[in-house]
Amino acid sequence: MSESEREARLKELLKEVESVQIPDYPDYQRGRKWAVYTGVPLLVILLAVMLFSGPITRLHVRLWDNIWTFASAALVVLVVWAFGAFRPQKF
C-alpha cells in the first residue's frame with residue numbers, strides 16, 4: 001500500500017468517525033427536565049396538604065413540624081434528576 005493510498009484511507013476513516021454524532025453524556029438538560037416535572041407537582045401537593053390540614057394561622061408551625069417531609073421530597077427530586085441525567089441514552 002503506497003503512502004497516498006494510506007492517506008486517502010485515513011481521511012476516509014476520519015470522515016466516517018466525524019459523521020457519527022454521539023450525544024453528550026450525562027444529559028443534564030434531560031435530568032433537569034425530569035426533576036422539574038417531578039418536583040413541581042410534588043411541591044404543589046405538599047403545600048396543598050399543609051394549607052388544608054388546619055387553620056392558616058398555624059401554617060408556619062405545620063411547615064416546621066413537617067420539614068423532614070420537604071427534605072424527603074427534595075431528596076426524591078435529586079434522585080429523579082440523577083436518574084434522568086445519567087440514564088443511558090437510546091441511539
Side-chain angles (χ1 to χ4, degrees):
M1 191 180 257
S2 70
E3 188 67 31
S4 63
E5 289 175 349
R6 285 186 203 152
E7 286 181 19
R9 178 70 178 143
L10 180 61
K11 286 181 181 180
E12 181 183 317
L13 288 173
L14 286 174
K15 284 182 183 179
E16 187 177 322
V17 168
E18 289 175 355
S19 69
V20 175
Q21 297 295 326
I22 298 175
D24 290 335
Y25 183 80
D27 190 355
Y28 293 117
Q29 192 172 27
R30 182 177 60 178
R32 193 175 311 122
K33 181 175 70 171
W34 284 29
V36 168
Y37 287 164
T38 303
V40 170
L42 190 59
L43 183 64
V44 168
I45 290 169
L46 287 175
L47 287 176
V49 167
M50 293 295 144
L51 282 172
F52 296 118
S53 64
I56 196 78
T57 57
R58 305 275 303 159
L59 180 62
H60 66 286
V61 174
R62 285 193 308 276
L63 289 174
W64 184 252
D65 289 342
N66 293 309
I67 195 73
W68 290 109
T69 305
F70 287 100
S72 300
L75 183 64
V76 166
V77 169
L78 181 64
V79 168
V80 168
W81 172 82
F83 185 75
F86 292 98
R87 183 175 179 211
Q89 301 175 6
K90 298 177 184 175
F91 293 104

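Reckoned from all heavy atoms, side chains included, excluding hydrogens, waters and symmetry mates. Count residues from 1 along the sequence.
Taking the six-membered ring where tryptophan is involved, the planes of W81 and Y28 are essentially parallel, since the angle between them stays under 30° and well short of 60°.
By the 4.5 Å heavy-atom criterion applied to side chains, R58 and S53 are not counted as neighbours.
For the atom pair CG of L47 and CZ of F52, the computed distance is 10.5 Å after rounding to the nearest 0.5 Å. Considering CG of D65 and CE of M50, their distance stands at 9.0 Å, rounded to 0.5 Å. Rounding to the nearest 0.5 angstrom, the gap separating the OG1 atom in T38 from the CG atom in L78 is 11.5 Å. Here the straight-line distance linking atom CZ of R9 with atom CD of E5 works out to 11.5 Å at 0.5 Å rounding. The CZ atom of R62 sits 8.0 Å away from atom OG1 of T57, with the distance rounded to the nearest 0.5 Å.
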Item checked: V80/Y37 under side chain to side chain contact (heavy atoms under 4.5 Å, CB included): CA gap, chis, key distance, verdict -> CA-CA 10 Å; V80 168; Y37 287 164; over 6 Å; no

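One hydrophobic cluster, built from ILVMFWY side chains closer than 4.5 Å, cannot hold both V61 and V49; they sit in different ones. Hydrophobic clustering (side-chain heavy atoms under 4.5 Å, transitive across Ile, Leu, Val, Met, Phe, Trp, Tyr) keeps V77 apart from F86. Residue I45 is not grouped with residue V36 when hydrophobic side chains (ILVMFWY) are merged at heavy-atom distances under 4.5 angstrom, including chains of intermediate members.
At least one donor-acceptor pair closer than 3.5 Å links the side chain of R30 to the backbone N or O of R87.
Here the closest non-hydrogen pair linking P26 and A85 is CB-O, 3.2 Å.
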